[in-house]
Structures are given as C-alpha cells and as structure tokens.
Amino acid sequence: MAPSIIHAFASRVGNLHNHPMHIDILTLFPAMFTGPLTESILKRAQEMGALSVELIDIRAFATDKHRMADDLPYGGGGGMVMKPEPVVAAVETAVPPGAPVVLMSPQGEVFTQAIAQQMAHLERFALLCGHYEGLDERIRELVVTREISIGDYVLTGGEVAAMVIVDAVTRLLPGVLGDPDAPAKDSHASGLLEHPHYTRPPTFRGADVPPVLLSGHKAQIDAWRRRESLRRTWQRRPDLLVSADLSEADRGLLVELAEETIAQRRASST
Ligand code: ADE
C-alpha cells in the first residue's frame with residue numbers, strides 16, 4: 001500500500017488525544033514498512049483512526065543529480081556515512097518544530113515497556129532510521145532529541161527497530177486491542193512476566209489444563225495467575241523482581257518459590 005494511502009487512514013474515531021497518534025518515519029527504505037503497516041493490528045489501528053503513519057523517503061531530499069544520501073567517511077575506514085543535508089532537510093520539512101525526533105541506533109537508551117508507555121502519550125513523534133556505518137554526527141546535534149536502541153545487538157539499519165517501536169506503542173493506544181485491560185496485564189507492564197495461558201481442549205497429548213482454570217472460581221484463578229507470574233519471573237528474569245511492584249503476599253510467595261527451588265536442588269544433588 002502506498003504511504004499516501006496509509007496516511008489517508010488517519011481520521012475518525014480518535015484516541016487518548018481525540019485524534020490519531022501521528023508517527024513520521026524517515027527512512028531510505030520506505031518499502032520495508034509496507035508489510036508491518038498493512039497487516040493485523042497496525043492496519044486496524046490506522047483504519048479505526050487511532051494511528052496515522054507517514055513514510056518519508058530521505059532520498060527524495062537529496063539535491064545532487066545522483067540523489068546521494070551517503071558518502072565516504074572523513075578520516076577513512078570502511079563503510080558509508082549518511083549525509084547531513086538530505087536527513088536534516090527531510091526532518092525540517094516533515095516534522096513540526098517541537099515534535100520529538102527519535103534516532104534508532106544501537107548507541108541509544110535501551111527500549112522498554114516503560115518507554116513505550118511514555119511514547120503512547122505523545123501526540124506525535126518522528127522515528128529516524130540510520131543506515132550504513134552510521135550517520136554524520138551533526139544530524140544528531142541538529143535534529144535528534146532522543147536516541148533509542150531495541151537491544152544490545154546490531155541490525156543492518158534502524159528500520160526494523162522503528163517497526164518494533166511503532167508496534168509496541170500502537171497496541172497501547174486506547175481502543176486498539178479488543179480487551180481494554182490487555183496492556184495492563186502484559187508481561188512487563190507490572191514489572192513481572194505474564195502467567196501461562198491455556199485454551200481448549202482441556203487435555204492435549206496427555207497434558208491437562210490446570211484444574212483451577214476450569215473451576216470458575218475467580219479469586220482462586222487470580223491467585224493462581226499471580227503465583228505463576230511470580231514463578232515465571234523468578235525462574236526466567238529474577239532481575240525484574242528488584243523493581244517490580246510487590247505486595248506482602250507476593251513477597252511471601254517468592255519466599256515459598258525460593259524454598260521450593262532450594263529443596264529441588266538438594267533433591268537433585270543427592
Ligand atoms: N540500528 C542498528 N542496530 C540497532 C539497534 N539495536 N536498535 C536500534 N537501531 C539500530
């Protein structure tokens with residue numbers, strides 16, 4: 001789907017801000033976004049008017065006859081560097097003054113659910129996708145207001161990282177997910193990983209759904225889910241427990257889980 005059509009989805013229903021959140025994506029490869037933006041929940045968010053996206057082709061702002069967006073690095077060395085003129089012209093043309101311009105880069109602060117929540121409250125922001133070996137440092141100084149990495153690994157460019165941000169932010173916009181409480185229950189939303197999920201059939205290849213989930217007893221189901229959420233976090237991401245929002249009851253459960261682990265280790269070493 002052409003970017004202009006994607007953009008035209010913006011309107012109607014409205015979100016937190018009563019109009020669509022607007023995201024400008026500045027990239028040398030706008031076609032990379034076609035799939036992610038025209039399927040599933042991101043497509044629906046645009047159709048319902050919660051999100052509008054504009055893809056801005058940085059190369060269209062290059063003024064020389066070869067439309068060069070990159071050049072050799074001063075000082076030598078391998079790779080190419082994104083030139084400042086087209087990128088700065090693209091930002092200054094597409095993004096209104098005052099709107100955040102986020103550079104996707106492995107040198108940025110690491111993206112988290114808390115940052116996604118912060119960004120979901122913005123009326124608009126721009127994502128600038130770096131490519132090649134890097135971009136001319138003056139771009140950072142002139143137009144970038146924040147720099148985000150999606151993790152400690154290096155991608156071929158910022159495009160996939162920008163898609164991650166758009167996806168994580170969009171699902172937090174009001175009305176985008178069917179269940180309005182879903183974002184609050186997500187792994188990471190409360191600082192814990194989510195409990196396991198089950199659906200029909202009740203027995204699959206000899207494995208039963210935990211009976212409490214079939215009991216219809218809401219309080220017991222909630223207690224089971226909390227316990228399993230704590231167990232998952234304790235087993236897989238104990239680092240998250242340091243800053244998670246825990247009740248006295250949670251702390252008691254964690255002590256039990258720790259004791260269980262110690263007992264299991266003892267049993268397996270004898
Ligand atoms: N560009 C290249 N690697 C990246 C990363 N890890 N996060 C964001 N942008 C990037």
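No experiment lies behind these values; they were computed from the predicted model shown. Both ligands and their constituent atoms are indexed starting at 1 by order of listing. Residues take their numbers from the sequence shown, with the count starting at 1.
Using modelled atom types, one side-chain atom of Thr233 and one backbone atom of Leu193 make a donor-acceptor pair closer than 3.5 Å. For the pair Arg67 (side chain) and Ala62 (backbone), a donor-acceptor distance under 3.5 Å is present. Looking at Thr170, its side chain never comes within 3.5 Å of a backbone N or O of Asp167 through a donor-acceptor pair.
Other residues, nucleotides and ligands place no more than 12 heavy atoms under 6.0 Å from the CD atom of Glu248.
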One line per pair, note the atom names and distance for all nitrogen or oxygen contacts under 3.5 Å between ligand 1 and the protein.
{"unit_1": "ligand 1", "atom_1": "3 (N)", "unit_2": "Leu155", "atom_2": "N", "d": "3.0"}
{"unit_1": "ligand 1", "atom_1": "6 (N)", "unit_2": "Gly151", "atom_2": "O", "d": "3.1"}
{"unit_1": "ligand 1", "atom_1": "6 (N)", "unit_2": "Tyr153", "atom_2": "O", "d": "2.8"}
{"unit_1": "ligand 1", "atom_1": "7 (N)", "unit_2": "Ile150", "atom_2": "N", "d": "3.0"}
{"unit_1": "ligand 1", "atom_1": "9 (N)", "unit_2": "Ser105", "atom_2": "N", "d": "3.1"}

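A search for ring-ring contact (aromatic ring centres under 6.0 Å, His included) contacts involving His188 returns nothing, not counting sequence neighbours.
Scanning both residues, Pro86 and Phe61, for their nearest heavy atoms gives O-CB, 3.5 Å.
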